[in-house]
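In what follows, a structure is listed as structure tokens, so that the remarks can point back to it.
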Amino acid sequence: MHFLDWMMVCAYFALMVVIGWWSHKRIHDVKDFFTAGGKMPWWLTGISHHMSGYSAVLFVAYAGVAYTDGVTVYFWGMASIGIGVGIGSWLFAGRWNRLRSKLGVASPLEYLAKRYNIPTQQALAWSGSLLKIFDIAAKWFAIATILNVFAGVDYTWGIIITGTITLVYCTVGGLWADALTDFGQFIIQAIAALVMLWVVLERLGGISGLWTMWGQLPPSHLNPTTPKFTTVVLLVYVLVKTLEYNGGMWNLAQRYMAAPDTHAARRGARLSSILYLVWPLFMMFPMFAAPLLFPDIQNPNNAYAIMTTELLPTGLIGLVLAGIFSHTMAMVSSDANAISAVITRDMLPVLVKKTRQWTDTQGLLAARVTTVVFIVLTMAVATQAPKLGGVLGIVVLWVAALMGPISVPLLLGMLPWFRRSGSRAALVSWAGGLIAYAIAYYGFNATLSVTVSTPILVSLALYIGLGYLMPERKASTDEIIDTINGDDDVTHDKTDKGATVPA
């Protein structure tokens, strides 16, 4: 890369740190750190929710699938999220917001202690945190792959550089820093993606390349499904992403909680849904065209990076790299904030009694220290990513498959139709889903569709079935569900006056 390219990347990193320090002034307690005090406007909520669901995996693993299989990656990788978030705008966004505004909840798992019991809360907290370590590690390795192809930077140093910058701004500025950098990253990403699209279209003969290109590609590249990414995978992914992107990924629940009221939370979710359905088509078109422009790439995961370095002029390469950085840093900083909330609000008070009497200052310090430790741990695991199945192996076979058992008790526990499902149903469905995954993947070496679908379907069946066969309805459960299922939209929610859910 040229000096001008590195200047673009360094300027981007500097901007992220400045935003972090600016946001630091708005952080006064843990609620500001974790939920922005419930003052985030709906449009920023939507953009932040959207950006926090991306990472460099799109430009590495997904680009590889686009190179070999075509548009199928859009349908199960992006459209499934758009549909899922659209469902969540009606089903979950308002309920998450009421947990904060009416019950004073600051962590996505905080309400589970009263909804079920402490053992259930801890099981979901520990297993979810462990899964997130590997999920984020895959993101670090993906961005390190991009850096290696772009500039020959060693993988370990690539992980250290991006991890350290992310650690600085998200530790200092909390959710405000995450959201504001998400917005800045959205702008950078948009410019970078449109530049790449324009250059690729010029190579294809102009704007007509948008429709003429497909006739030059193998016919299978136009199929929404393939023998590997089947219709079953697509349908299961819609179910998985509905749970994952509406709270199963705890950081995205925080976006709904940070909105001023339920109406703003729903509008933000709808904006994010539309962006997931439309915007990836602009970003992924160059990936679909890559086999025509570079037909002999040995490692398809490097396709997008090779296109960037070969097609773009000096300076713009740095802009595209900054855009790719923006995806990963947005998701990782967002995840780190959510994990820190779960650890300090849900896990530490159970393990160490003294933490229950922390002052706001002590709690805020603990949140920042936890964020640092968590990010450093994910960076360490990232150096071992090739031994764990690579980027796509971790994201699809681990995260997608295991997200269901963790999400089912968390998300369905808010809905009135499942108030009969108590702690027994939650723990059995969680454990049953994990066991089903182990049997399918390690016991039978099952196909992708079976590996991804079995855990979530088993968890759903156990959670719903036990709720009806062995109901555990409690007054505390009814109280929570009735509170967060109200129809009123609080339009001026300036403070969190609700009582915190006891642990």
Side-chain angles (χ1 to χ4, degrees), residues 34-36 38 40 42 45-50 52-53 80-103 105-112 114-116 121 124 128 175 237-277 334-335 338 341-342 403-419 421 426 429 456 459-460 463-464 467 477 480-490 493 498 501:
F34 293 136
T35 61
M40 192 178 295
W42 71 269
T45 296
I47 291 176
S48 181
H49 183 283
H50 176 72
S52 294
S80 62
I81 300 175
I83 295 170
V85 175
I87 294 171
S89 68
W90 162 67
L91 207 55
F92 297 112
R95 291 181 170 93
W96 278 119
N97 190 266
R98 292 190 187 99
L99 279 173
R100 175 196 57 79
S101 64
K102 294 190 175 184
L103 296 175
V105 167
S107 155
L109 302 190
E110 198 169 334
Y111 90 102
L112 293 179
K114 188 174 180 181
R115 172 60 178 86
Y116 300 115
Q121 180 200 45
L124 296 179
L175 191 64
Y237 249 70
V238 172
L239 177 59
V240 170
K241 297 306 179 182
T242 298
L243 296 178
E244 183 179 353
Y245 279 73
N246 287 293
M249 283 205 312
W250 304 333
N251 58 311
L252 299 181
Q254 288 179 297
R255 270 58 187 173
Y256 298 149
M257 297 167 73
D261 51 64
T262 57
H263 178 63
R266 292 193 189 103
R267 290 182 72 188
R270 287 193 290 267
L271 173 59
S272 180
S273 174
I274 293 170
L275 289 173
Y276 271 119
L277 290 171
S334 178
D335 277 333
V342 169
M403 184 61 67
I406 297 171
S407 302
V408 165
L410 176 64
L411 274 295
L412 269 59
M414 293 191 292
L415 303 179
W417 312 296
F418 305 108
R419 63 174 78 226
S421 297
S429 68
I456 190 170
S459 290
L460 281 171
Y463 186 83
I464 297 172
T477 297
I480 290 177
I481 291 178
D482 292 340
T483 298
I484 65 176
N485 281 273
D487 293 329
D488 59 306
D489 283 341
V490 182
D493 185 19
V501 176

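Residues: numbered from 1 along the sequence shown. Keep in mind the model is a prediction, meaning the values are calculated, not measured.
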Report yes or no: do Thr477 and Arg419 form a side-chain donor-acceptor pair below 3.5 Å? no
Looking at every non-hydrogen atom in both residues, tell me the closest pair between Ala265 and Asn97 and how far apart they are. CB-CB, 4.1 Å
Donor-acceptor pair, distance only, cut-off 3.5 Å: does the side chain of Ser429 make one with the backbone of Leu460? no
With the side chain counted from C-beta on, respond yes when Phe92 and Val85 share a heavy-atom pair under 4.5 Å apart, and no when they do not. no
Side chains of His49 and Tyr245: do they bring a donor and an acceptor to under 3.5 Å? no
Ignoring hydrogens and angles, tell me if any N or O in the side chain of Thr242 forms a donor-acceptor pair with the backbone of Val238 under 3.5 Å. yes
Check whether any side-chain N or O of Arg100 sits under 3.5 Å from a backbone N or O of Tyr256 as a donor-acceptor pair, and report yes or no. no
Which atom pair, heavy atoms only, marks the closest approach of Thr45 to Met40? OG1-O, 3.5 Å
Student check: side-chain heavy atoms of Leu124 and Leu112 closer than 4.5 Å: yes
Looking at Tyr111 and Leu410, would you say the former's side chain and the latter's main chain have a donor-acceptor pair under 3.5 Å? yes
Beyond-backbone contact of Leu243 with Leu412, side-chain heavy atoms, under 4.5 angstrom: yes
How long is the gap from CD1 on Ile81 to CG on Leu275, to the nearest 0.5 Å? 12.0 Å
For the residue pair Gln254 and Ser48, establish whether any side-chain heavy-atom pair is separated by less than 4.5 Å. no
Would a distance-only check, ignoring hydrogens and angles, find a side-chain to backbone donor-acceptor pair under 3.5 Å from Ser407 to Gly404? no
Just do the side chain to side chain contact (heavy atoms under 4.5 Å, CB included) check on Met414 and Leu99 with the steps written out, would you? CA-CA 10 Å; Met414 293 191 292; Leu99 279 173; 3.7 Å; yes
Shortest non-hydrogen contact from Arg266 to Gly94? CG-N, 4.4 Å
Interatomic distance, Arg267 atom CZ to Asp261 atom CG [nearest 0.5 angstrom]: 9.5 Å
Closest heavy-atom pair and its distance - Glu110, Gln121: O-NE2, 3.8 Å
Distance from Leu103 atom CG to Ile480 atom CD1, nearest 0.5 Å? 6.5 Å
Main chain of Leu271, side chain of Trp42: is a donor-acceptor contact present, judged purely on distance under 3.5 Å? no
Between Thr262 and Arg98, is any pair of side-chain heavy atoms under 4.5 Å apart? yes
Shortest non-hydrogen contact between Gly84 and Asn246, atoms and distance: O-ND2, 2.9 Å
Please evaluate residues Trp96 and Leu411 with respect to the criterion side chain to side chain contact (heavy atoms under 4.5 Å, CB included), reporting the C-alpha separation (whole Å), side-chain torsions for both, the decisive distance (0.1 Å), and the verdict. CA-CA 10 Å; Trp96 278 119; Leu411 274 295; 4.0 Å; yes
